Protein chains: 2
Amino acid sequence: MNSFFEQHATFIADNPKFIEDFQGIMHYEQHPKNTILHEAGKVCDYMYLIISGIARVFYFIEDKDVSCHFAAEQETFTAIDSFIQRKKSKYFVEALEDLEVFKIAHSDLENLFTSTPKYERFGRLFLQQLYIDLVERLDNLQLKTAQERYEILLEKKPYLIQRITSKHIASYLGVTPETLSRIKK
Amino acid sequence: MNSFFEQHATFIADNPKFIEDFQGIMHYEQHPKNTILHEAGKVCDYMYLIISGIARVFYFIEDKDVSCHFAAEQETFTAIDSFIQRKKSKYFVEALEDLEVFKIAHSDLENLFTSTPKYERFGRLFLQQLYIDLVERLDNLQLKTAQERYEILLEKKPYLIQRITSKHIASYLGVTPETLSRIKK
DNA sequence: AATTTTTATTGATAATTGTCAAGTAGTAAT
DNA sequence: ATTACTACTTGACAATTATCAATAAAAATT
């Protein structure tokens with residue numbers, strides 16, 4: 001239940017024009033591996049839906065690189081703080097693999113929401129799902145051990161562990177690369 | 001910037017009928033201290049806005065009581081997993097002090113959203129704010145020490161530390177009561 | 001007010017995780 | 001292929017936090 005279309009299958013089924021309406025504001029793009037798609041300190045005007053590849057959202061805290069979100073095929077990403085609040089972001093976004101994406105401009109999305117109330121509703125449902133996912137991650141950090149957090153990720157999103165370097169997985173789990181290496185033994 | 005009205009002041013100012021429209025579906029209630037307002041395993045049909053008192057949202061994991069949300073005056077609470085997903089909740093909600101609240105039924109809120117698109121929009125904005133707050137908490141858990149997390153809470157919500165027992169604050173911060181006691185020395 | 005119960009603190013010890021350093025392996029570049 | 005660079009692993013040790021036990025303090029009950 002990770003993919004965008006799975007998570008919102010009911011809404012999409014109830015609104016046959018969904019695909020058509022969104023195609024009007026989605027733009028296909030390719031970005032080679034290691035491209036920086038967004039830089040901290042700038043306002044992020046786009047949300048992305050991945051066709052192929054993996055993206056990483058991260059930020060720096062006292063020179064330490066901390067990953068906070070990964071997205072693979074059929075998942076979405078953006079510099080969420082900035083996209084929501086329309087202010088400078090703390091996040092960077094980079095392509096960990098060659099990326100094919102659809103991107104949607106914030107302004108186009110706003111216009112769609114304003115002109116078509118049922119899509120305003122969709123925006124709310126989409127955010128609800130993000131919220132639920134985040135609550136689950138928070139619960140894990142609050143009271144699971146590093147080992148348990150690794151096992152949960154391994155079970156829920158094995159493709160991330162296979163395709164992303166250990167040091168990024170480590171910071172995402174809130175541990176050092178050394179600790180993660182020992183956990184995997 | 002904790003209170004419901006502060007956080008949504010702009011929207012409320014732009015929509016003079018906001019208070020009036022919401023008053024139509026808000027119901028005043030009192031609950032004495034220690035009342036259980038919601039039980040795990042049930043679907044939660046209400047969202048609450050506090051007039052006075054403090055509420056605690058918590059759940060059990062292997063017999064351990066874990067606090068995950070506190071709300072005081074002008075803040076909101078609900079069993080968020082259930083309220084959003086319309087399924088059985090994992091959370092309990094209790095009154096830590098005598099409570100005066102306005103409660104809003106999920107169905108009334110849905111009807112308001114459906115009949116008045118601008119409130120659908122409000123629902124989305126409200127959720128966006130919750131999301132931003134949660135991201136911040138997650139960042140803290142991911143890479144701050146217990147001491148730092150305590151200091152951040154002390155700075156942001158001192159009234160919680162003053163009015164809530166240490167053992168609840170401890171589980172909210174993800175540490176044992178013993179550790180919290182030592183941090184406070 | 002006295003008793004019971006719950007909560008908070010303190011000490012000793014153990015477990016978990018982080019830090020630093022060294023070495024290995026893998027990847028990319030020339 | 002050789003070199004350079006980065007990532008991964010391992011070991012020794014330090015720091016943080018948890019656990020268990022005992023006591024003290026506070027709150028609730030009688």
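In what follows, chains carry the letters A, B, and so on, assigned in the order in which the sequence lines appear, proteins first and then strands, with residues in each chain numbered from 1. A quick note: this is a predicted structure, and the numbers were derived from the prediction, not measured.
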Exercise for the section: Tell me which nucleotide among D/dA7, C/dT17, C/dT7 gets nearest to the side chain of A/Lys167. Expected result: D/dA7

Practice task
State which residues pass ring-ring contact (aromatic ring centres under 6.0 Å, His included) with A/Phe58; sequence neighbours excluded, sorted by chain then number.
Solution key: A/Phe60, A/Phe92

Fill in the blank from the handout: In whole angstroms, the gap separating P of D/dT10 from NZ of A/Lys184 amounts to 11 Å

Handout entry: Atom pair CZ (B/Arg56) and CZ (B/Phe77), whose distance is rounded to the nearest 0.5 Å
Key = 12.5 Å

Exercise for the section: Looking only at side-chain atoms of A/Ser181, point me to the closest of D/dT10, C/dT17, C/dA8. Expected result: D/dT10

Completion exercise
Taken to the nearest whole Å, CG/A/Leu141 to C1'/D/dT17 is 16 Å

Handout entry: Approximate separation, where rounding is to 0.5 Å, of A/Asp108 CG and A/His27 NE2
Key = 5.5 Å

Problem - A/Asp133 and A/Arg137, any side-chain heavy atoms less than 4.5 Å apart - result: no

Fill in the blank from the handout: The residue among B/Leu160, B/Ile164, B/Thr35, B/Asn34 that forms side-chain contact (heavy atoms from CB on, under 4.5 Å) with B/Leu96 is B/Ile164

Problem - Whole angstrom value for the distance that separates C1' of D/dT16 from CG of B/Leu173 - result: 15 Å

Problem - Below 4.0 Å: OP1/OP2 of C/dT7 and any side-chain N or O of B/Thr165 - result: no

Practice task
Nearest whole angstrom, please: distance from the P of D/dA7 to the CD1 of A/Ile169.
Solution key: 14 Å

Exercise for the section: Fit a plane to each ring of A/Phe18 and A/Tyr119, take the angle between them on a 0 to 90° scale, and name the class: parallel (under 30°), tilted (30 to 60°) or perpendicular (over 60°). Expected result: perpendicular

Exercise for the section: Could you check how far CD of A/Glu148 sits from C1' of C/dT16, rounded to whole Å? Expected result: 12 Å

Exercise for the section: Write down the distance between CG (A/Leu143) and P (D/dT17), rounded to a whole number of angstrom. Expected result: 16 Å

Problem - Atom-to-atom span, CD1 of B/Ile164 to P of C/dT7 - whole angstrom - result: 14 Å

Practice task
Whole angstrom is fine here: how far is it from CZ in A/Arg149 over to C1' in C/dT16?
Solution key: 11 Å

Completion exercise
Under a 4.0 Å heavy-atom criterion, the protein footprint on nucleotides 18-28 of chain D, written with B, S and -, is SBB-------S

Problem - B/Leu143 and A/Val66, any side-chain heavy atoms less than 4.5 Å apart - result: yes

